[in-house]
2 protein chains.
Amino acid sequence: MDMTSQLTAAAERLFDRHGYMATGMDRLTEAAGMSSRTLYKHAGSKAALMARVLTERHRRFMARIDVRTIDALFAALEDWVRVEGSRGCLFLRSRAETGGDTPEIAEAVALHKEAFHRRVSEVVAMDRGREDLALAEQVLVLVEGATHAAVYRGADAVSAARAAAAVLLERARA
Amino acid sequence: MDMTSQLTAAAERLFDRHGYMATGMDRLTEAAGMSSRTLYKHAGSKAALMARVLTERHRRFMARIDVRTIDALFAALEDWVRVEGSRGCLFLRSRAETGGDTPEIAEAVALHKEAFHRRVSEVVAMDRGREDLALAEQVLVLVEGATHAAVYRGADAVSAARAAAAVLLERARA
DNA sequence: CGCAATGTAAAACGAACGTTTTACATTGCA
DNA sequence: TGCAATGTAAAACGTTCGTTTTACATTGCG
């Protein structure tokens, strides 16, 4: 693994577990196993590193929810939570931590949430047989809710969201 | 207004808008309109101040969702979002920012989320006519989802959650 | 009256922050 | 063979952090 992805992976782990602001560069260099000089050559700055982490996470998450049905969407979310744990949405968290004042971060978050909303709408449209923006908004709320409720309610939150989505889909079809 | 509540109110605003870690004590003293000596006499420490903010917010939020039906719960949430804006759940955010490593904060968050879960279960039980823990978990996910989706989807997220909850309740009754 | 309480203004504390620099070792390729 | 690239280790940069301290003003009450 090259140094850049090694750094990005270590940074994602630390930022996710301890927060962006609470993670110092010394902990980053130690976890990434490289000198601060090398770190800055690859990352540019702490904010740029966070932006890179978000972009990378975006790719990984979107690949995971490349599905065709609403139920598969929640199954994918269950997998994600099992593998990555649940500490809330890293995109919303990083924006909140910086108050939206860090352009590189705010932009990465905006791009992700737009793409996420689009993907949910597509999945709902495929499953429902036609475009249904109202149902899509409900499913988006359920995914977001499962993500954040899982922080303190555990995996039950995701299965509850999954069951709720099934009811809403059935009702929309009737 | 006495100095303690003046400080707490100013701190809540700054922590909510810019994040806990990103808000320095100088900004706090300036916004609260008091010297740092007075601030520390009333707050003890930054972490204790955050804990007090959370306890105060907990009281205000729980008073707002003192309702008897699921629909009223979401109506209250709509009010809350209109008045306070939507920057995500301050409890989850403060825990995430500190990585759960600040006991005073982690405890305030845990107390709030337990009480919140209990309240939702009670409201669902009243509305449904009997205890229904599965429906309660779904409604909790919807509230949490509305709170966080509203950050980037606006008030529509809350109305979507409200409509979804109505469908789930109707279905549970059938 | 006098003192205890409560406040302000501002300097100072050591520690930690993100970042840059200095000095040097290793490596791969022309 | 030699140089450019890439890495390490560690000190230093100036700034900002949360917190404490010093010195002084105001006020309310026994």
Side-chain angles (χ1 to χ4, degrees), chain A residues 1-54 93-108, chain B residues 1-54 93-108:
Chain A
M1 185 157 73
D2 66 306
M3 309 226 70
T4 295
S5 29
Q6 184 178 331
L7 167 59
T8 309
E12 178 175 358
R13 183 167 211 278
L14 287 175
F15 287 151
D16 186 39
R17 280 178 203 265
H18 307 286
Y20 169 65
M21 287 287 193
T23 302
M25 297 307 275
D26 50 347
R27 268 173 109 181
L28 252 347
T29 59
E30 191 191 331
M34 67 187 58
S35 67
S36 71
R37 197 179 204 272
T38 307
L39 188 150
Y40 273 93
K41 168 172 277 187
H42 287 75
S45 71
K46 192 187 184 184
L49 177 56
M50 176 87 257
R52 195 210 305 291
V53 163
L54 292 178
R93 285 170 53 199
S94 54
R95 189 156 83 101
E97 276 208 58
T98 56
D101 294 336
T102 313
E104 323 166 67
I105 294 177
E107 193 182 328
Chain B
M1 186 159 69
D2 67 305
M3 309 225 72
T4 295
S5 29
Q6 182 178 333
L7 168 59
T8 309
E12 179 175 358
R13 184 169 212 278
L14 287 175
F15 287 150
D16 186 39
R17 281 176 204 265
H18 307 287
Y20 169 64
M21 287 288 194
T23 302
M25 299 307 274
D26 51 346
R27 268 171 109 182
L28 253 346
T29 59
E30 192 191 331
M34 66 186 58
S35 67
S36 71
R37 196 178 205 275
T38 306
L39 187 149
Y40 272 92
K41 166 172 278 188
H42 287 74
S45 70
K46 193 189 185 184
L49 177 56
M50 176 87 257
R52 196 210 304 291
V53 163
L54 292 178
R93 284 171 52 200
S94 56
R95 189 156 84 100
E97 276 207 59
T98 57
D101 295 335
T102 313
E104 323 166 68
I105 294 176
E107 193 182 329

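What you see is a predicted model, and the numbers here were worked out from it, not measured in a lab. Below, read A as the first sequence line, B as the second, and so on, with proteins coming before strands; counting in each chain starts at 1. Side-chain atoms are counted along with the backbone in the values below, which use heavy atoms only and exclude waters and symmetry mates.
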Can A:Thr8 and A:His42 be said to form a side-chain contact (heavy atoms from CB on, under 4.5 Å), step by step?
-> CA-CA 10 Å; A:Thr8 309; A:His42 287 75; over 6 Å; no
Check the pair B:Tyr20 / B:Lys46 against side-chain contact (heavy atoms from CB on, under 4.5 Å), numbers first and verdict last.
-> CA-CA 9 Å; B:Tyr20 169 64; B:Lys46 193 189 185 184; 3.8 Å; yes
Just do the side-chain contact (heavy atoms from CB on, under 4.5 Å) check on A:Leu7 and A:Arg52 with the steps written out, would you?
-> CA-CA 10 Å; A:Leu7 167 59; A:Arg52 195 210 305 291; 5.7 Å; no
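Near DNA chain D, defined here as any heavy-atom distance below 4.0 Å, there are no residues from residues 6-16 of chain A. Less than 4.0 Å separates DNA chain D from at least one heavy atom of each of the following residues of residues 27-35 of chain A: A:Gly33, A:Met34, A:Ser35.
Distance A:Leu39 CG to D:dT8 C1': 13 Å, rounded to the nearest Å. For the pair A:Leu49 CG and C:dC17 C1', the computed distance is 16 Å after rounding to whole Å. In this structure, the NE2 atom of A:His42 is 13 Å from the C1' atom of D:dT8, given to the nearest Å.
Scanning for salt bridge (Lys or Arg N to Asp or Glu O under 4.0 Å) contacts around B:Glu104 gives an empty result, with sequence neighbours left out.
Across B:Ala51 and B:Ala108, no two heavy atoms sit closer than the pair O-CB, 4.4 Å. Closest heavy-atom contact between B:Ser94 and B:Leu54: OG-CD1, 3.4 Å. Contact between B:Ala106 and B:Gly100 at its shortest, heavy atoms only, is CB-O, 4.0 Å.
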Show me the side-chain donor-acceptor pairs of residues 24-31 of chain B shorter than 3.5 Å, one per line, residues at least two apart or across chains.
{"residue": "B:Arg27", "atom": "NH2", "partner": "B:His18", "partner atom": "NE2", "Å": "3.3"}
{"residue": "B:Thr29", "atom": "OG1", "partner": "B:Met25", "partner atom": "O", "Å": "3.4"}
{"residue": "B:Thr29", "atom": "OG1", "partner": "B:Asp26", "partner atom": "O", "Å": "2.7"}

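Counting heavy atoms from C-beta on, the side chains of A:Thr102 and A:Met50 never come closer than 4.5 Å. Residues B:Arg17 and B:Thr23 are not in side-chain contact: their nearest non-hydrogen atoms beyond the backbone lie 4.5 Å or more apart.
Residue B:Thr98 holds its OG1 atom at 6.5 Å from CE of B:Met21, rounded to the nearest 0.5 Å. Here the straight-line distance linking atom NZ of A:Lys41 with atom CE of A:Met34 works out to 12.0 Å at 0.5 Å rounding.
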Sugar-phosphate or base contact per nucleotide [nucleotides 17-28 of chain D; S, B, -; heavy atom under 4.0 Å] = SSBBBBB-----
Pair assignment for DNA chain D - dot-bracket with | for other-strand partners, Watson-Crick or G-U under 3.5 Å = |||||||||||||||||.||||||||||||
